[in-house]
Amino acid sequence: MSEESNEVMKKRNRKKRKNFLANAKKYVKKGQMGRGTKIPEELYQYFVGILDAIKLGIKDPDERHALVNNVLERTKGEELNVIGNQLGSRLVELLLPYSSAEDLERFIEILSPELRKLCSDNFTSHIVETLLRVSCDRATAHLQEDSEEVPKKKAKKEAKYTDEHIKNCHEFTLKICKYALNNLEDFVWDSYANHILRSALKCLSGITLLPGEKPKVNLLKETVQDNKGIPPHLTTMSYKNVPDEFKDIVKEFANRLSLWPQFKDLPYQNITSALLQVLLYAVKNVDKKITNNLIVKLLNESFAPDDWVSSSHDTKDDKKKIDLTENDENGVEKADDNCASSNLPPVFESESAVRLLEAALFVAKKKMYTQIYAKCFINRLGQLACMPMLNFTVQRLIDNCQIKEEFEPMFDELAGKMGALLACGNTGVLVALAKACLRIRAKQMQYIQHLEAALKCTEAENQKYFPILCLRLLPLEAVDVTKLDKEYFINIHGSVILQSILEFQRPAKAVSGLLELSPEQLLVVLSDAKGSHVADALCRSASVGAKARDKLVWILKGYYQKLALSQYGSRAFEPIFEACSPEQKIKIMTEISDKSNLLNSTQYGRVIASKLDIATFKLSQKKWEKNRQKLAEKD
């Protein structure tokens, strides 16, 4: 089966997301008012209509403000009943972040005496979390403004809430978090209350998003969020400013949990592992010493205790076992003789524990990182990298490596496994290695040589295919090089690897291979969603010479209009145009303005025509040059 058909099958096999609103309407037809507590039919129907309106979008701020006030007004006297209902809980959760000070305080006052029951309920626990998050945001908003050095006049103008409301939010945040701390022993094991503990730690430490976490999409958001989440391979996190008394509670959380007799078993259950992950990210912003102590305790007592060789044969019912098989070159699974669980520390037997190990790698300082590497990974990287789940942990290990002397033995251990990584599909490890070679400025030539060997293009006459094979992440024997002018599947990991190689200090093989392509073949690459980013690296890399860029511009002569007409070709067109000399820009403008009507036939072509101001160029070339010069001076 081809790569393309595999991708199609994956998309088809994805589970269809449940439509919450459609399900809510089905309950009405059945004569039921949703799940949870019962609310009047009239109120339920009203909530369904409101969700319908929100789904269509409410752009006007006044209209949005009126809707929030009206809906929350309808909940008066029925607050506990409404939030106990699935539909009511969902709607209130959506609206609370936009609620007035009076409405928020009303919910705080009514819910506070009922916390014990509410925190363990599958619907009301979400409201408690939302109240905590909103209260914390309002209580700490002024600290963020101070940090951003907002002018005093502007700060006063934008003050949304009174000092009294901010004080009430501050007190409620402390109340919920202390309540969660006091009930720690019960909340840790509760499916719903455990999430409140996590939210408390996030709020207290100033966490906005965790690595790999996507922001929750609120249907009332007037604009799409610029912050799309933190990719898991990044090694930095941003924290909000929070008061010291918030941080003190985080320390109490850490100290109390670490003293538990069952602490060493917590990494091996999903619910407790997730809590410890948030705790590690939280203490990172609070106390370096506590962070270090937590990791040492986890490492010595849980991840890789001194007696792990003898204890690793024990099977625990609460452990989710990881598949320790790998694929052979034909994609058939086979058991690796070296993959016996007895060869690996206990941490690698449980997916929950592995995720916690990745969090530990993220927050660990240099010395602690070295200890984790020595105790869990050294001489096992090749084995771990070829495993279906554990290769992600190897990626996180490499992503967080900052020292050349540590990276080099890691590279040497994995370099000979590149062919096996390609065969089993764990190409993310190759991406992590390429990025590390670039970041640490080490082993760059060796990386290219080993990747060439894995792609089977080391012979002189085949080296020109290196960038194409890299984009496809397939060995030469699996690629029909006579059909490179036809559309083909480009691997996203292959594209990222090639972009990294183009940033290496000596990317000559990759550059020359790309420049040996015919215009039609190059057009296929640059018009692809993943291949178009190669243009950025080619045109902006400090390692790619001016002559190479000139040759790229020359190769595409006569094809610029075609490039600008497609969605991804137009985004590749822009960096190429910006990299041109003034004389080359004039030639390209002349080429694409000859048939400007054709350029305006697609929305992407129209964007290019507008950005480059083709209309002015056609009227007066000199005037266009002056306008471009003015724009350049402004930048």
Side-chain angles (χ1 to χ4, degrees), residues 17-18 20 23-24 27 33-39 47 75 78-97 104 107-108 110-137 172-205 207 209-210 213-218 249-250 253 256-257 260 262 265-282 318 320 351-352 355-356:
R17 290 185 66 185
K18 291 181 180 178
F20 179 84
N23 286 341
Y27 278 116
M33 297 306 111
R35 295 166 60 199
T37 56
K38 291 183 179 180
I39 59 176
F47 286 164
T75 65
E78 290 279 344
E79 289 89 352
L80 290 173
N81 209 26
V82 167
I83 64 171
N85 179 275
Q86 186 182 25
L87 177 64
S89 172
R90 176 68 175 271
L91 189 57
V92 172
E93 185 184 359
L94 281 174
L95 301 183
L96 278 178
L104 188 74
F107 272 89
I108 287 173
I110 291 169
L111 269 58
S112 291
E114 306 287 337
L115 283 177
R116 163 68 69 175
K117 182 175 70 174
L118 299 177
C119 288
S120 298
D121 184 80
N122 55 343
F123 301 135
T124 57
S125 60
H126 294 286
I127 303 300
V128 176
E129 273 191 85
T130 305
L131 278 176
L132 171 60
R133 190 170 60 251
V134 174
S135 297
C136 183
D137 285 344
F172 180 72
T173 303
L174 286 175
K175 179 180 179 179
I176 288 284
C177 294
K178 286 181 178 178
Y179 181 81
L181 179 63
N182 291 336
N183 291 274
L184 187 64
E185 286 76 8
D186 295 329
F187 281 14
V188 162
W189 309 107
D190 188 286
S191 300
Y192 302 105
N194 185 285
H195 285 273
I196 292 172
L197 289 176
R198 298 182 214 175
S199 292
L201 286 169
K202 288 180 185 179
C203 291
L204 292 170
S205 60
I207 292 173
L209 287 172
L210 298 172
E213 182 183 14
K214 293 180 181 179
K216 282 188 176 180
V217 178
N218 193 323
I249 301 176
V250 175
F253 268 104
R256 281 186 58 175
L257 267 175
W260 278 20
Q262 64 268 48
D265 298 320
L266 297 183
Y268 294 94
Q269 291 190 37
N270 286 337
I271 191 171
T272 48
S273 171
L275 176 63
L276 289 181
Q277 289 170 50
V278 177
L279 179 64
L280 284 178
Y281 292 125
D318 60 351
K320 183 178 179 182
E351 187 177 343
S352 304
R355 296 292 163 256
L356 182 58

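- Atom CZ of residue Arg355 and atom CG of residue Asn270 lie 10.5 Å apart, to the nearest 0.5 angstrom.
- Considering Leu276, Thr272, Leu275 as possible partners of Leu356, the one that fulfils the side chain to side chain contact (heavy atoms under 4.5 Å, CB included) test is Leu276.
- The distance from atom CD of Gln262 to atom CD of Gln269, rounded to the nearest 0.5 Å, is 10.0 Å.
- For Glu78, the side chain to side chain donor-acceptor pair (under 3.5 Å) criterion is met by Asn81, not counting sequence neighbours.
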Open item on the list: Run the side chain to side chain contact (heavy atoms under 4.5 Å, CB included) test on Leu197 and Phe253 for me, step by step, so that the C-alpha distance in whole Å, both residues' side-chain angles and the decisive distance to 0.1 Å come before the verdict.
Closed with: CA-CA 9 Å; Leu197 289 176; Phe253 268 104; 3.7 Å; yes
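- With sequence neighbours left out, Asn122 forms a side chain to side chain donor-acceptor pair (under 3.5 Å) with no residue at all.
- A distance of 12.0 Å separates CG of Leu115 from OG of Ser125, quoted to the nearest 0.5 Å.
- Side-chain atoms of Lys175 and Ser112, non-hydrogen and from C-beta on, do get closer than 4.5 Å to each other.
- Within the model, atoms SG of Cys136 and CG of Leu174 stand 9.0 Å from one another, a figure rounded to the nearest 0.5 Å.
- To the nearest 0.5 Å, atom CG of residue Leu80 and atom NZ of residue Lys117 are 6.5 Å apart.
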Task: Residues Val250, Cys177; criterion side chain to side chain contact (heavy atoms under 4.5 Å, CB included); working and verdict - done: CA-CA 9 Å; Val250 175; Cys177 294; over 6 Å; no
Task: Candidate pair Leu131 and Leu111, rule side chain to side chain contact (heavy atoms under 4.5 Å, CB included), full reasoning - done: CA-CA 10 Å; Leu131 278 176; Leu111 269 58; 3.4 Å; yes
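- Distance check, rounded to the nearest 0.5 Å: CG of Leu184 to CG of Asn194 gives 9.5 Å.
- Without hydrogens or angle criteria, Tyr179 side chain to Arg116 main chain gives a donor-acceptor distance under 3.5 Å.
- Using a 4.5 Å heavy-atom threshold, the side chains of Tyr192 and Thr124 count as separate.
- Using a 4.5 Å heavy-atom cutoff, the side chains of Leu210 and Val278 are in contact.
- Residues Ile39 and Leu87 are not in side-chain contact: their nearest non-hydrogen atoms beyond the backbone lie 4.5 Å or more apart.
- Applying the side chain to side chain donor-acceptor pair (under 3.5 Å) criterion to Ser199, with sequence neighbours excluded, gives Glu129.
- Put simply, the side chain of Arg90 does not reach to within 4.5 Å of the side chain of Phe47, judged on heavy atoms.
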Task: Pair Phe123-Thr37, side chain to side chain contact (heavy atoms under 4.5 Å, CB included): steps then yes or no - done: CA-CA 10 Å; Phe123 301 135; Thr37 56; over 6 Å; no
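- Side-chain atoms of Asp121 and Val128, non-hydrogen and from C-beta on, never get closer than 4.5 Å to each other.
- A 4.5 Å side-chain heavy-atom check between Arg198 and Ile271 finds at least one atom pair inside the cut-off.
- Closest approach of Leu132 and Cys203 over heavy atoms only: CG-SG, 4.0 Å.
- Under the rule for a side-chain contact (heavy atoms from CB on, under 4.5 Å), the partners of Thr130 that lie at least two apart in sequence or sit in another chain are Glu93, Leu96, Pro97, Arg133, Val134.
- Partners of Glu185 under the side chain to side chain donor-acceptor pair (under 3.5 Å) rule, at least two apart in sequence or in another chain, are Arg256.
- Minimum interatomic distance between Phe187 and Cys119 (heavy atoms only, all atoms of both residues): CZ-CB, 3.8 Å.
- Scored by the side-chain contact (heavy atoms from CB on, under 4.5 Å) test, Ser135 finds Leu104, Ile108, Cys169, Phe172, Thr173 as partners (sequence neighbours excluded).
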